[in-house]
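Worth saying up front: this structure is predicted, and the values here are computed from it rather than measured.
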Amino acid sequence: MDAVEALAAFSMREGVDAGWAGEGVVYFRRLSAQRTKSRMSRVMSKPVYRDMTIRNWATTTRLVAMLDES
């Protein structure tokens with residue numbers, strides 16, 4: 001599965017969610033003020049979720065820092 005196919009698994013709510021396919025990655029953003037209206041969590045109920053890992057921005061930047069140290 002590529003990022004474009006993975007992005008299709010996310011059903012986004014206009015004005016709340018936004019997503020982009022990158023090279024081997026999907027970027028997803030939701031408005032914090034409307035997080036209860038986000039549809040991001042729905043992806044967890046789909047079969048494609050087994051092939052994904054989801055990280056928030058804090059974890060992503062921490063992982064990059066760890067890679068930079070090594």
Side-chain angles (χ1 to χ4, degrees):
M1 167 189 341
D2 66 11
V4 174
E5 292 170 321
L7 183 61
F10 291 86
S11 56
M12 300 192 211
R13 183 173 293 228
E14 189 174 332
V16 177
D17 302 318
W20 304 267
E23 199 171 312
V25 65
V26 171
Y27 299 99
F28 187 87
R29 179 188 72 200
R30 70 172 184 202
L31 294 177
S32 292
Q34 297 187 34
R35 67 185 168 275
T36 59
K37 295 180 181 178
S38 176
R39 293 182 180 158
M40 182 181 177
S41 61
R42 290 184 181 182
V43 75
M44 290 182 249
S45 66
K46 298 183 180 187
V48 70
Y49 180 69
R50 291 178 302 196
D51 299 325
M52 294 181 184
T53 181
I54 297 176
R55 301 290 181 256
N56 65 27
W57 188 249
T59 301
T60 301
T61 56
R62 203 172 317 130
L63 290 170
V64 168
M66 290 169 63
L67 287 170
D68 288 344
E69 290 174 5
S70 61

>> Could you check whether atom NZ of Lys46 has more than 12 heavy atoms from other residues, nucleotides or ligands sitting under 6.0 Å from it?
In response: yes
>> Does Arg35, at its CZ atom, have more than 12 non-hydrogen atoms belonging to other residues, nucleotides or ligands within less than 6.0 Å?
In response: no
> Linking Ile, Leu, Val, Met, Phe, Trp and Tyr by side-chain heavy atoms under 4.5 Å, what else ends up with Leu67?
Replying inline: none
Should [X] and [Y] be counted in the same cluster of Ile, Leu, Val, Met, Phe, Trp and Tyr side chains packed under 4.5 Å apart?
X: Met40; Y: Val48; value: yes
X: Phe28; Y: Trp20; value: no
X: Ile54; Y: Met12; value: yes

>> Tell me whether Arg42 contacts the main-chain N or O of Ser11 through its side chain, where contact means a donor paired with an acceptor under 3.5 Å.
In response: no
> With no hydrogens and no angle check, is any side-chain donor or acceptor of Glu69 less than 3.5 Å from a backbone partner on Met66?
Replying inline: no
> Which atom names give the shortest non-hydrogen contact between Ala21 and Leu7, and what distance separates them?
Replying inline: N-CD2, 3.8 Å
>> Just so I know, are the side chains of Asp17 and Gln34 near enough to count as touching, which here means a heavy-atom distance under 4.5 Å?
In response: no
>> Any heavy-atom pair between the side chains of Val26 and Phe10 that's under 4.5 Å?
In response: yes
> For residues 49-60, which residue pairs qualify under side chain to side chain donor-acceptor pair (under 3.5 Å), counting only residues two or more places apart or in two chains?
Replying inline: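 Qualifying pairs: Thr53-Arg55, Asn56-Thr59.
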